[in-house]
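Residue numbers start at 1 and run along the sequence shown. Side chains included, hydrogens not; waters and symmetry mates left out as well; all remaining heavy atoms used.
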Amino acid sequence: MERAIVISALRCLQVVVAAAAFTFTAQANAATDIAWWHAMSGELGRQLEKLAADFNASQSDYRIVPAYKGNYTETVTAAIFAFRSRSQPAIVQVNEVATATMTAAKGAIYPVFSLMRDQGEPFSLNDYLPAVSGYYTDAAGNLLSFPFNSSTPILYYNKTMFRDAGLDPETPPRTWPELGAIAKRLRDRGASCGFTTSWPSWIHIENFSAFHNLPLATRTNGFAGLDAELTINNPLVVKHVAQLAEWQKSKLFDYGGRGQSAEPRFQNGECGIFIGSSATRADIKANSKFEIGYGMMPYWPEVKDAPQNSIIGGATLWVLRDRPRAEYKGVARFFAYLSQPGVQAAWHQNTGYLPITRAAFELTRAQGFYERNPGSAISFEEITLHPPTENSKGIRLGSFVLIRGAIEDELEQAFAGQKSAQGALDSAVERGNKLLRQFERASPER
């Protein structure tokens, strides 16, 4: 009897040990989940989720878990509140104008250059397009966040309307005077408006300044210090805004509102020309019932250094601190995966965003994508037109979301004839500088 009891006990012990070993093995083999909070919905959100799923399928150690958190402002706000309760994600998508805000939060971010070095993943800044990576580097040239979805403004035009007006449908306007003359021809032939644009500050102030190699602000557009001041009330920007306001009177230019609200006016054939984000190319093509032409942003021909290069919009991926150590190896591997030419080329082709590496551009060209899709290479050509200068590298100004709002308030008053161009831009500088000083006083670097 005692022998039977001992044998039974040993068998039970063997079962327990085997079960424990199985549990341990399962835990050891389980993939580490990595939360990625983002701001992409619709088709872009589906493409983002496909990126994560493809990475997850490529290896078994890590699992990227995307979570949509609303628009850019809602996403970064959610991440900030989550950090306070120590429930933050490892990765958060943040739009480009919030770069200064993220950079100032030194204790909360894990710079990408440090992450890749610490985790031993292959990484070379030289692989990335300078006009893209330069926007997100520190003063020493170290990459702080991972470039993800980058776009730049390009010109779209209605080839059908051009033909009907006796214009060459294969020749887009290159300069602002040419655009004005073409817009008048379109209006004379019955168009509701000659041209319109989206994102008024991004296009007519930020990119306009970069394309003409003009500083937007002192201190290298804010890259060299928090004590930067806006300089957008300079003679060339004043001239440009004054011309837009004059054209507004006869609908050669017709202001269509902030954000992307003007885009449908081009799609439905009201306006013959539209300047907007390169990332909306697929949407415009899908919703327009006419042949579309593409061109670069116009420039004022009397400016010696124009055209220089455009700057980007969009967002990057920031890594947040105080996550379990195992997650950071997975984040580094994910970023290395995203940098692969094939992965980056597919993202570029499926979304319309810029490729972040020259290798991805060359692969896309070799695959015949640009030949099959006219106009799809213009954004790359425009942003790489010349090596970026201190004036065309990007913007690193605190509270720039609020500053952009103040600028657009003033532009709207100029377009409505309520203020002169000089008066509107002087007011925008005054309001913007107040916001910069508030940000400077609140910064831990002060």
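Ring-centre distance between Y156 and Y294: below the 6.0 Å cut-off. Taking the six-membered ring for Trp and the full ring otherwise, the centers of W36 and F148 sit less than 6.0 Å from each other. Residues Y157 and F162 place their aromatic rings such that the two centres sit under 6.0 Å apart. For Y136 and F113, the gap between ring centers reaches or exceeds 6.0 Å.
Annotation for N221 and G394: closest pair ND2-O, 3.2 Å, computed over non-hydrogen atoms. Minimum heavy-atom separation, W37 to A82: CH2-CB, 3.6 Å. P200 and G259 get closest at one heavy-atom pair: CD-N, 4.3 Å. Heavy atoms only, all atoms of each residue included: N309 and I383 are closest at CB-O, 3.7 Å. Contact detail for L230 and G432: the closest heavy-atom pair is CD1-CA, 3.7 Å. Residue S379 comes nearest to S376 through the heavy atom pair OG-O, 4.0 Å, listed as atom of the first residue, atom of the second, then distance.
Residues passing the side chain to side chain contact (heavy atoms under 4.5 Å, CB included) test with S150 are V132, I312, L354, sequence neighbours excluded. With sequence neighbours excluded, no residue forms a side-chain hydrogen bond (donor to acceptor under 3.5 Å, both in side chains) with Y353. Looking at residues two or more places apart in sequence or on another chain, you find a side chain to side chain contact (heavy atoms under 4.5 Å, CB included) between H348 and P355, T364, Y370. A search for ring-ring contact (aromatic ring centres under 6.0 Å, His included) contacts involving F146 returns F335, not counting sequence neighbours. For N391, the side chain to side chain contact (heavy atoms under 4.5 Å, CB included) test picks out N213, P215, T389, with sequence neighbours left out. E382 meets the side-chain hydrogen bond (donor to acceptor under 3.5 Å, both in side chains) test with S310; sequence neighbours excluded. Contacts of D409 classified as side-chain hydrogen bond (donor to acceptor under 3.5 Å, both in side chains), with partners at least two apart in sequence or in another chain: R258, R431. Every side chain to side chain contact (heavy atoms under 4.5 Å, CB included) that R84 has, sequence neighbours left out, goes to I80, F81. Partners of R174 under the side-chain hydrogen bond (donor to acceptor under 3.5 Å, both in side chains) rule, at least two apart in sequence or in another chain, are E178, Y299.
Side chain to side chain, W318 and T316 meet the donor-acceptor criterion of an N or O pair below 3.5 Å. Side-chain contact annotation: Q59 with D61, donor-acceptor N/O pair under 3.5 Å absent. Between the side chains of D283 and Q267, at least one donor-acceptor pair of N or O atoms lies under 3.5 Å. In this model, no donor atom of one side chain and acceptor atom of the other lie less than 3.5 Å apart for E263 and N287. For the residue pair W300 / H212, no side-chain donor-acceptor distance below 3.5 Å is found, with atom types taken as modelled. In this structure, a donor-acceptor pair under 3.5 Å is present between the side chains of S427 and E410.
Within the 4.5 Å cutoff, no side-chain heavy atoms of L44 are placed close to those of N149. The closest side-chain heavy-atom distance from L216 to I395 is below 4.5 Å. With contacts defined as side-chain heavy-atom distances shorter than 4.5 Å, the pair P388/P130 qualifies. Using a 4.5 Å heavy-atom cutoff, the side chains of I356 and S133 are not in contact. With a 4.5 Å cut-off on side-chain heavy atoms, P298 and L155 count as touching. Counting heavy atoms from C-beta on, the side chains of R187 and K184 never come closer than 4.5 Å.
Judged by distance alone, with hydrogens and angles left aside, the side-chain atoms of D138 form a donor-acceptor pair with the main-chain N or O of A140 at under 3.5 Å. The main-chain N or O of T137 is found under 3.5 Å from a side-chain atom of R396 such that the two form a donor-acceptor pair. Put simply, the side chain of Q93 never gets that close to the backbone of Y72: no donor and acceptor are under 3.5 Å apart. When atom types are taken as modelled, the side chain of S443 and the backbone of F439 share no donor-acceptor pair closer than 3.5 angstrom. Checked by atom type and distance alone, the side chain of D254 never pairs as donor or acceptor with a backbone atom of K251 at under 3.5 Å. A side-chain donor-acceptor contact under 3.5 Å links S58 to the backbone of F55. A donor-acceptor pair under 3.5 Å links the side-chain atoms of Q88 to the main chain of R321, judged by distance alone. Under a 3.5 Å cut-off, the side chain of T196 and the backbone N or O of F274 do not form any donor-acceptor pair. N268 places a side-chain N or O within 3.5 Å of a backbone atom of P264 that can act as its donor or acceptor partner. Side chain of N433 to backbone of E229: no donor-acceptor contact under 3.5 angstrom is found.
Taking the six-membered ring for Trp and thresholds of 30 and 60 degrees, F380 and F361 have nearly parallel ring planes, at less than 30 degrees apart.
We find the CD1-CG distance between I273 and N158 to be 9.5 Å, quoted to the nearest 0.5 Å. Rounding to the nearest 0.5 Å gives a distance of 14.5 Å between OH of Y110 and CZ of R323. In this structure, the separation between OG1 on T152 and CG on N207 is 4.5 Å, given to the nearest 0.5 Å. Note that OG1 of T351 and CG of L51 are 9.0 Å apart. Values are rounded to the nearest 0.5 Å. The structure places CD1 of I205 at 6.0 Å from CD1 of I407, a figure rounded to the nearest 0.5 Å. Once rounded to the nearest 0.5 Å, the distance linking CD1 of I34 with NZ of K329 reads 11.5 Å.
A ring-ring contact (aromatic ring centres under 6.0 Å, His included) check over residues 400-438, counting only residues at least two apart or in different chains, returns the pairs F253-F415, Y255-F415. Counting only residues at least two apart or in different chains, salt bridge (Lys or Arg N to Asp or Glu O under 4.0 Å) contacts with residues 200-228 comprise E206-R404, R219-D227. Applying the salt bridge (Lys or Arg N to Asp or Glu O under 4.0 Å) test to residues at least two apart or on different chains, the pairs with a partner in residues 293-313 are K239-E302.
Here K249 pairs with E246 in a salt bridge; the nearest charged N to carboxylate O distance falls below 4.0 Å.
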Next item on the list: Test side chain to side chain contact (heavy atoms under 4.5 Å, CB included) on Y328 and D118 and set out the steps.
Entry: CA-CA 9 Å; Y328 292 122; D118 295 346; over 6 Å; no

Note to self: Walk me through whether T197 and W202 qualify under side chain to side chain contact (heavy atoms under 4.5 Å, CB included).
What the structure shows: CA-CA 10 Å; T197 70; W202 185 52; over 6 Å; no

Next item on the list: Quick one: do E49 and R46 satisfy salt bridge (Lys or Arg N to Asp or Glu O under 4.0 Å)? Show the steps, please.
Entry: CA-CA 5 Å; E49 290 174 358; R46 286 187 284 275; over 6 Å; no

